[in-house]
K.L.:
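Once you've had a glance at the structure underneath, I'll fire off some questions.
Reminder, nothing fancy here: chain letters follow the sequence lines and each chain counts from 1.
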Protein chains: 2
Amino acid sequence: MTTHIHSNQNTLQSLEHNHNDCVSEALVTAEHLCIDRGVQLTPIRHKVLELIWESHKAVKAYELLDRLKPLQQAAKPATIYRALDFLMEQGLIHRVESLNAFVGCRCSGHQHEQLLLICKLCQEVEERNAKEVMSALSEETKQAGFIVYSKAIEVHGLCAKCQDLSVEKS
Amino acid sequence: MTTHIHSNQNTLQSLEHNHNDCVSEALVTAEHLCIDRGVQLTPIRHKVLELIWESHKAVKAYELLDRLKPLQQAAKPATIYRALDFLMEQGLIHRVESLNAFVGCRCSGHQHEQLLLICKLCQEVEERNAKEVMSALSEETKQAGFIVYSKAIEVHGLCAKCQDLSVEKS
DNA sequence: AGTTAAACGTTATAATATAGCGTTTAACTA
DNA sequence: TAGTTAAACGCTATATTATAACGTTTAACT
Ligand SMILES: [Zn+2]
Ligand SMILES: [Zn+2]
Ligand SMILES: [Zn+2]
Ligand SMILES: [Zn+2]
């Protein structure tokens, strides 16, 4: 049993990078950004953002609710959905449409077109700018005479780490 | 009131093309395709496909259920979801992830990567092959070392017809 | 300090989707 | 063509996701 550390709970990605850095960067960025914009990153909103950043996995609203309850006795669905709405408005998280789930945004405050690579095995979501994809898409919508308001580009499959994991196991 | 025929119920697209042709083509294609594949396009599945093809709009499961009930007394959620699952498996319809809704596929039986252009005004969905987008996307996922199982590329905005409509009205 | 708007608490309910199990129907086999 | 098997369907219940509505508290702004 040399592969037990490669469970879905502890993915290679989780082990290979210092996730504390991801979390603190995301939170510090969010705090600054909200101050700059004059919007309130209230304790509840901050906690929800922190909970989302517990991993790079897409996380469900009611899963967040369960995790928030111990910290926030009064938490109800509306509590979570309001916080999620705020965090999305501020571009701090993304909604993964094809999963009805949410994931922290790695480029908060910058441009906001993104491609999400969603791993079926570890559930982690990788966000990519994918400039070439976006420009091809702009060209395509232009040809269609379509005015774009928003985009959801989501790819499901197997991430590089989970492929390695499969190879190791075999 | 010269613009009343341009309501959301009767879009320009609805008026400008013979939608009966869309419907019969979709149904005939589906019938042939199911025979070829040795799968059953049962009366219920056929009816649901027909209901989906009543327009080019994305349609919700429970909306379909309401419309099916008069024709199929026993219809329950499972009735609809089973039919939808079948139709999706056969590539006869697409699920619009960002709307939790469904739309008829215009290129059933062919390749299946597609871009969906979803109009916020008329709710109609245009399906495009978008070859350049797809090849850029393939390149991007390749660079990410990501093995693709499925894709959802959904763009929300304003279709050409609804833009014209806005201009006419102003 | 008073006014106003945002955020939150709370209850209820809407909307979307699946599980499980028994019955009917169709397809296949001998 | 009768028997066998698997698919499709009926039916009940329930899980999951999300919003509405309204009153109270808190923060921001005169
Ligand atoms: Zn990390
Ligand atoms: Zn993975
Ligand atoms: Zn048509
Ligand atoms: Zn339109």
K.L.:
Return the value, rounded to whole Å, for the distance between atom CZ of A:Phe102 and atom P of D:dT17.
P.N.:
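The answer, rounded to whole Å, is 10 Å.
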K.L.:
Would you mind telling me which of D:dA18, C:dA7, C:dA17 lies closest to the side-chain atoms of A:Arg45?
P.N.:
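Closest of the options to the side chain of A:Arg45: C:dA7.
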K.L.:
Can you measure A:Leu87 atom CG to C:dA7 atom P for me and round it to whole angstrom units?
P.N.:
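So the two atoms are 12 Å apart, to the nearest Å.
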K.L.:
Looking at B:Lys60, does any N or O in its side chain come under 4.0 Å of the phosphate oxygens OP1/OP2 on C:dT16?
P.N.:
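Checking C:dT16 against B:Lys60, a side-chain N or O does come within under 4.0 Å of OP1 or OP2.
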K.L.:
Could A:Glu54 and A:Arg67 be called an ion pair, given the rule that one side-chain N must be under 4.0 Å from one carboxylate O?
P.N.:
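Yes, A:Glu54 and A:Arg67 are salt-bridged.
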K.L.:
Ignoring hydrogens and angles, tell me if any N or O in the side chain of A:Arg95 forms a donor-acceptor pair with the backbone of A:Met88 under 3.5 Å.
P.N.:
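No.
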K.L.:
Let me know the distance between CD of A:Glu97 and P of C:dT16, rounded to the nearest Å.
P.N.:
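My rounded result for the distance is 14 Å.
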K.L.:
What nucleic acid atoms does B:Gln72 come within less than 4.0 Å of, heavy atoms only: base, sugar-phosphate, or nothing?
P.N.:
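Here B:Gln72 touches the backbone only, sparing every base.
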K.L.:
Atom NZ of A:Lys76 and atom C1' of C:dT13: how far apart are they, to the nearest Å?
P.N.:
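Nearest whole value for this atom pair: 15 Å.
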K.L.:
Which listed nucleotide (C:dG9, D:dT17, C:dA7) is nearest to the side chain of A:Gln40?
P.N.:
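Of the candidates, C:dA7 comes closest.
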K.L.:
If we ignore angles and hydrogens, is there a donor and acceptor under 3.5 Å between the side chains of A:His46 and A:Glu31?
P.N.:
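Their side chains do contain a donor-acceptor pair, which is all the 3.5 Å distance test asks for.
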K.L.:
Nearest of C:dA7, D:dC11, D:dA18 to any side-chain atom of B:Arg82?
P.N.:
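Closest nucleotide to the B:Arg82 side chain: D:dC11.
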K.L.:
State whether the side chain of A:Gln163 and the backbone N or O of A:Leu158 hold a donor-acceptor pair below 3.5 Å, judged by distance alone.
P.N.:
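Yes.
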K.L.:
Nearest whole angstrom, please: distance from the C1' of C:dA14 to the OH of B:Tyr62.
P.N.:
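Rounded to whole Å, this separation is 11 Å.
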K.L.:
Counting only Watson-Crick or G-U wobble pairs whose two distances fall under 3.5 Å, which nucleotide matches C:dA15?
P.N.:
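C:dA15 is paired with D:dT16.
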K.L.:
May I ask which nucleotide in the shown strands pairs with D:dA28, Watson-Crick or G-U wobble, both distances under 3.5 Å?
P.N.:
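Pairing partner, where one exists within any strand: C:dT3.
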K.L.:
Nearest-Å distance, CG (B:Leu99) to C1' (C:dA15)?
P.N.:
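These atoms are roughly 14 Å apart.
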K.L.:
Within the supplied structure, the quantity of interest is the number of heavy atoms (other residues, nucleotides, ligands) at a distance under 6.0 Å from A:Glu25 CD; does it exceed 12?
P.N.:
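For A:Glu25, atom CD is not crowded (no more than 12 foreign heavy atoms under 6.0 Å).
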K.L.:
Which whole-number value in Å describes the distance from A:Arg37 CZ to C:dA6 C1'?
P.N.:
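Checked: the CZ to C1' distance equals 18 Å.
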K.L.:
Between A:Ala75 and B:Tyr81, which is nearer to the 5' end of DNA chain C once each is assigned its nearest nucleotide?
P.N.:
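Result: A:Ala75.
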K.L.:
Atom NZ of A:Lys47 to atom P of C:dA7: distance rounded to whole Å?
P.N.:
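To the nearest whole Å, that distance equals 17 Å.
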K.L.:
Of the listed nucleotides (C:dA17, C:dA27, C:dC8), which one gets closest to any side-chain atom of A:Thr42?
P.N.:
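Of the candidates, C:dC8 comes closest.
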K.L.:
Does the side chain of A:Arg95 get closer than 4.0 angstrom to OP1 or OP2 of D:dT17 through an N or O atom?
P.N.:
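Answer no for this pair, as no side-chain N or O of A:Arg95 is under 4.0 Å from OP1 or OP2.
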